[in-house]
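We name chains A, B, ... by the order of the sequence lines, and we start the count at 1 in each one.
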There are 2 protein chains.
Amino acid sequence: MSPTLSDFEARATRDPAPAPAKRPSVADNQSCLVAKVSQLIDMSDLELSALSQLQTEERSFARDEVLFSVGDHHQDLYIVQEGWLFNAIDAPDGRRQIVNIYHPGDIIGFPDIALSTRTTDLVGVTAGSICPFPKSGLGTIFREAPRLAALLLSIALREETVLIDRLRVFSRSSAQARVAYLFLELNARLRCTTGSDDNTLYMPLNQHEIGDSVGLTNVSVSRAVTALEERGLIATASREVRLLDMKALIEMCDFEDRYAQVVTDWFP
Amino acid sequence: MSPTLSDFEARATRDPAPAPAKRPSVADNQSCLVAKVSQLIDMSDLELSALSQLQTEERSFARDEVLFSVGDHHQDLYIVQEGWLFNAIDAPDGRRQIVNIYHPGDIIGFPDIALSTRTTDLVGVTAGSICPFPKSGLGTIFREAPRLAALLLSIALREETVLIDRLRVFSRSSAQARVAYLFLELNARLRCTTGSDDNTLYMPLNQHEIGDSVGLTNVSVSRAVTALEERGLIATASREVRLLDMKALIEMCDFEDRYAQVVTDWFP
DNA sequence: CGCAGCCTTGAGATTACTCAATCAATGTGG
DNA sequence: CCACATTGATTGAGTAATCTCAAGGCTGCG
């Protein structure tokens, strides 16, 4: 039996070893994008074929590999097949802002397609692979599969809502609240794909990278994590975080789960 | 001659008196959305009629009026016809995050349509009016006018890029840099609609509201503005800000103008 | 003239940052 | 199998920035 999307996801989150075993090409079965979209809506044959035509070869990446950089010209979106990545912007003072953390099934590079060049670097957190998806294929989708086009807009708008949530948290809250928010968000996202619900999450980012995500230094992250542990809100193992007191965590950073629902009532 | 979009904009930014004079209804000429979209691309007759059918009655609002609140169910997007508004989220500790500031021609409520309820409050900064646009009309656009649908996605993605820029600035930068960024962003947005290029901008927000926008207290805003003036980077009058040293301002907050361009090469 | 809203300024408290040293975990080569 | 190097996490001490609380000033308006 060939692997399904959830197989990929489970493997990616539990076994992020640097050298991934030989996997069957995605073309063996279906494209990453088809898998991703199938999760969200049922597709007609027409829609399926429109999507499948956009299939291109997957590309693998290594831990810490930079897949593209700010200023690069681009032709593609990517769908994550396996592994974690993030995109980031380097500030002139040497600090870095991690903008988004990507997991299997996520779409990478969406905001950039309205501009001519990349606005962020893309970096591998673990080893893994991504499926390119030519930007020009979007035209086809909009022309031939309006319902899929509407779904893409929905995905973009949900990303925007999440960014607004983060803006609120990161511009006002304490170090502990910021770290708590990051853990809660990752948990919400991973839960809706992997289905595990014990509120334990795999965390391949080191504390410096966590700091780059939430706007803190590695030292402040360390202190915040320690404080959250001492308060009994979380427990950390080697590369795992367990959220012990969801209610308190959610309350301290005013977290909202935006991944639970997608409204489709206005779709064509 | 009935007013054009740019008439509205010029009036809104230069004459934000609390009680707007009687204006002809937008139906006299064309819908707000048609005007907005015409700015960005040329439309075929088919596209024009698809858009025009979505016309509904405009609604006026007063300074400080709350037009909708977090949790409200919604059916509409809005296009700003005249005046300024912002949307905001109240934090449990009594502070408030202003998420977005809207000017004539802007689309309000876009991120919310992927969710069932409002995620922010909408508040009038000056008096003005907005044109509702039923969410269900989006389905029509996606079905019948794919190029307009693609344009909507572009607009959403540009909003997202701007949010990413803000996340970077507000989670790391100094008070002066945050305030400078806000002024630069407002200037860039107003310039592309009003066309004035002397880098002087109308600023109806008080310092408390500026603080709510950039994640500072009113006291810190006051100190930051004073410091920027003392350094000769800006000058402030009663309700105006003049940007004296664009180069230094842009450099201190790493500002990027995302409003100058929209790439349409992938459009159907 | 006096009130109200907004802005400014001061002083002390809080919070995160920087710099630096130490500790822990992991992996490598002899 | 163990010394050693490397990377990441922790802890301490002092610094810098913003926040809070509070008082006072300016401006526009009834």
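Nucleotide C:dT15 holds its P atom 13 Å from the CG atom of B:Asp93, rounded to whole Å. Note: CG (A:Asn218) to P (D:dT10) measures 10 Å, nearest angstrom. Separating the CZ atom of B:Arg239 from the P atom of C:dG5 is a distance of 14 Å, rounded to the nearest angstrom. In this structure, A:His208 atom NE2 and D:dT6 atom C1' are separated by 17 Å, rounded to whole Å. The distance from atom CZ of A:Phe170 to atom P of C:dT15 is 19 Å, rounded to the nearest whole Å. Atom CG of A:Leu228 is separated from atom P of D:dT10 by 12 Å (rounded to the nearest Å). When rounded to the nearest whole Å, the span between CD of A:Glu240 and C1' of D:dA9 equals 18 Å. B:Met203 has its CE atom 15 Å from the C1' atom of C:dC6, to the nearest Å.
No side-chain donor from either of A:Asn87 and A:Asp121 sits under 3.5 Å from a side-chain acceptor of the other. A:Ser129 and A:Gln81 share a donor-acceptor pair across their side chains, judged by distance under 3.5 Å alone.
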Name each donor-acceptor pair under 3.5 Å that joins a side chain in residues 242-254 of chain A to protein atoms two or more places apart or in another chain, with its distance.
unit_1: A:Asp245; atom_1: OD1; unit_2: A:Lys247; atom_2: N; d: 3.4
unit_1: A:Asp245; atom_1: OD1; unit_2: A:Ala248; atom_2: N; d: 3.1
unit_1: A:Asp254; atom_1: OD2; unit_2: A:Arg168; atom_2: NH1; d: 3.4

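Relative ring orientation between B:Phe68 and B:Tyr78 is described as parallel, the plane-to-plane angle staying below 30° on a 0-90° scale split at 30° and 60°.
Between A:Ser222 and D:dT10 there is a side-chain N or O to OP1 or OP2 distance below 4.0 Å.
No salt bridge links B:Arg95 with B:Asp212; every basic N to acidic carboxylate O contact stays at or beyond 4.0 Å. Between A:Arg63 and A:Glu209, at least one side-chain N (NZ, or NE/NH1/NH2) sits under 4.0 Å from a carboxylate O, which counts as a salt bridge.
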N/O to N/O distances under 3.5 Å, protein versus nucleotides 16-20 of chain C:
unit_1: C:dA16; atom_1: OP1; unit_2: A:Ala175; atom_2: N; d: 2.5
unit_1: C:dC17; atom_1: OP2; unit_2: A:Thr217; atom_2: N; d: 3.4
unit_1: C:dC17; atom_1: OP2; unit_2: A:Thr217; atom_2: OG1; d: 3.1
unit_1: C:dC17; atom_1: OP2; unit_2: A:Ser220; atom_2: OG; d: 2.1

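Residue B:Ile108 forms a side-chain contact (heavy atoms from CB on, under 4.5 Å) with just one option from B:Leu85, B:Asp76, B:Leu77, and that option is B:Leu85.
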Exercise for the section: Evaluate the criterion side chain to side chain contact (heavy atoms under 4.5 Å, CB included) for residue pair B:Val179 and B:Leu216; output intermediate values, then yes/no. Expected result: CA-CA 9 Å; B:Val179 172; B:Leu216 296 170; 4.1 Å; yes
Fill in the blank from the handout: Reading nucleotides 24-30 of chain D from 5' to 3' and marking B where a protein heavy atom lies under 4.0 Å of the base, S where only the sugar-phosphate is that close, and - otherwise, the string is -------
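The CG atom of B:Leu167 sits 11.0 Å away from the CD atom of B:Glu160 when rounded to the nearest 0.5 Å.
Distances from the side chain of B:Gln207 to the nucleotides C:dC6, D:dA9, C:dT8 place C:dT8 closest.
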